[in-house]
A.B. asks: 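What follows is a structure written as structure tokens; I'll ask about it next.
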Amino acid sequence: MKILTAIALLGIAFVGTSATSSDKMETMATETATTQEDTNTVYAAIYRPGPAWLKGKSMAEQNLRPHGLYIKQLRDTGVLVAGGPLIENDGGLAVFRVASLEDARAILASDPAINSGIFEADVQSWMIAFAERAFPVKALYPQE
């Protein structure tokens with residue numbers, strides 16, 4: 001139930017990454033556009049504190065800037081549908097529109113917060129069965 005609640009509470013995520021990663025993201029976005037035009041399948045990742053999480057410190061006190069820049073790049077290339085921090089627990093939620101679960105796992109494997117151990121994450125395929133025409137929330141970090 002917590003996962004469903006978290007998905008319902010989506011807000012647009014934190015805020016580039018290297019040119020190499022940027023190229024990969026643009027390729028994923030292009031491949032996704034051609035393979036997912038008629039599907040409602042996306043991939044939901046739930047982030048939780050990892051072994052390098054600074055216990056007793058808030059999410060704002062963790063070194064999450066590289067993660068935020070990576071997530072912003074995903075958004076800017078059209079890979080990130082939505083994402084943001086969880087409200088009741090440390091961690092976050094991100095929804096990716098990519099061609100496969102393997103692509104979603106590759107996104108997590110390239111995330112600086114996962115690589116540094118600040119976060120761990122699981123990803124699952126998710127079918128959007130019900131949705132508003134647009135998310136009825138104002139993004140904290142809107143796309144410019």
Side-chain angles (χ1 to χ4, degrees), residues 1-55 57-60 62-137 139-143:
M1 187 62 164
K2 281 188 179 182
I3 291 175
L4 293 177
T5 302
I7 290 171
L9 295 174
L10 288 175
I12 300 300
F14 294 99
V15 187
T17 184
S18 70
T20 305
S21 293
S22 177
D23 293 343
K24 282 189 219 174
M25 294 310 135
E26 288 178 23
T27 300
M28 280 187 189
T30 302
E31 289 172 356
T32 298
T34 59
T35 60
Q36 280 203 322
E37 289 176 3
D38 298 320
T39 183
N40 291 346
T41 302
V42 292
Y43 301 89
I46 302 290
Y47 289 83
R48 63 187 177 284
W53 184 268
L54 301 174
K55 291 175 181 41
K57 302 284 185 178
S58 70
M59 189 135 48
Q62 307 296 323
N63 182 23
L64 292 173
R65 180 162 172 68
H67 166 74
L69 293 172
Y70 179 71
I71 293 294
K72 180 184 180 295
Q73 181 67 37
L74 295 172
R75 183 205 57 203
D76 292 349
T77 58
V79 171
L80 181 76
V81 174
L86 298 175
I87 295 171
E88 288 86 13
N89 300 301
D90 290 326
L93 173 73
V95 178
F96 309 120
R97 184 174 303 277
V98 291
S100 68
L101 184 57
E102 292 75 28
D103 285 347
R105 287 181 177 140
I107 288 169
L108 291 178
S110 296
D111 189 324
I114 300 288
N115 289 322
S116 68
I118 295 171
F119 279 138
E120 294 177 336
D122 295 309
V123 64
Q124 293 186 5
S125 304
W126 179 46
M127 180 182 292
I128 300 172
F130 303 96
E132 296 275 338
R133 289 190 184 264
F135 283 109
V137 296
L140 294 174
Y141 305 100
Q143 191 167 11

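Because only heavy atoms are used, hydrogens play no part in the values below, and waters and symmetry mates are left out as well, while side chains stay in.
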A.B. asks: Suppose we screen for side chain to side chain donor-acceptor pair (under 3.5 Å). Which residues come up paired with Asp122, at least two apart in sequence or across chains?
C.D. replies: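 Once residues adjacent in sequence are excluded, the partners of Asp122 under the side chain to side chain donor-acceptor pair (under 3.5 Å) criterion are Arg48.
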
A.B. asks: Looking at Trp53, is its backbone amide N or carbonyl O close enough to the side chain of Gln62 to form a donor-acceptor pair, meaning the two atoms are under 3.5 Å apart?
C.D. replies: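 It does not hold such a pair.
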
A.B. asks: My understanding is that only residues two or more places apart in sequence, or in another chain, count here; which of them pass side-chain contact (heavy atoms from CB on, under 4.5 Å) with Ala45?
C.D. replies: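 Once residues adjacent in sequence are excluded, the partners of Ala45 under the side-chain contact (heavy atoms from CB on, under 4.5 Å) criterion are Tyr47, Phe96, Leu108, Val123.
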
A.B. asks: Distance check, rounded to the nearest 0.5 Å: Phe119 atom CZ versus Asp90 atom CG?
C.D. replies: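 Going from the CZ atom of Phe119 to the CG atom of Asp90 covers 8.0 Å.
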
A.B. asks: What is the minimum heavy-atom distance between Ala82 and Leu80, and which atoms define it?
C.D. replies: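 For Ala82 and Leu80, the tightest heavy-atom pair comes out as O-CD1, 3.3 Å.
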
A.B. asks: Which heavy atom of Arg97 sits nearest a heavy atom of Val81, and at what distance?
C.D. replies: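 The answer is CB-CG2, 3.7 Å.
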
A.B. asks: Minimum heavy-atom separation for Ser116 and Ala52, please, with both atom names.
C.D. replies: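 Here Ser116 and Ala52 meet closest at O-CB, 3.3 Å.
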
A.B. asks: How long is the span from the CG atom in Leu69 to the CG atom in Asp76, to the nearest 0.5 Å?
C.D. replies: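 If I round to the nearest 0.5 Å, the distance is 10.5 Å.
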
A.B. asks: Can you name the nearest heavy-atom pair linking Ala104 to Tyr43, along with the distance?
C.D. replies: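 Scanning both residues completely, I find the closest heavy atoms to be CB-CB, 3.6 Å.
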
A.B. asks: If you look at every heavy atom in Glu120 and Pro51, which pair is closest and at what distance?
C.D. replies: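 Residues Glu120 and Pro51, closest heavy atoms: OE2-CD, 3.5 Å.
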
A.B. asks: Which residues satisfy the side-chain contact (heavy atoms from CB on, under 4.5 Å) test with Lys55, sequence neighbours excluded?
C.D. replies: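 Partners of Lys55 under the side-chain contact (heavy atoms from CB on, under 4.5 Å) test: none.
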
A.B. asks: Taking atom CD1 of Ile87 and atom CG of Leu93, what is their separation to the nearest 0.5 Å?
C.D. replies: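 Answer for the CD1-CG pair, Ile87 versus Leu93, is 11.0 Å.
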
A.B. asks: Nearest 0.5 Å, please: how far is CG in Asp111 from CD1 in Ile118?
C.D. replies: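 Interatomic distance, Ile118 CD1 to Asp111 CG, rounded to 0.5 Å: 9.5 Å.
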
A.B. asks: Give me the atom names and distance for the closest heavy-atom approach of Thr41 to Ser125.
C.D. replies: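 Minimum heavy-atom separation between Thr41 and Ser125: CG2-CB, 4.4 Å.
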
A.B. asks: Between Thr77 and Leu74, is there a donor-acceptor pair closer than 3.5 Å when you use the side chain of the first and the backbone of the second?
C.D. replies: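 Confirmed, Thr77 side chain pairs with Leu74 backbone.
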
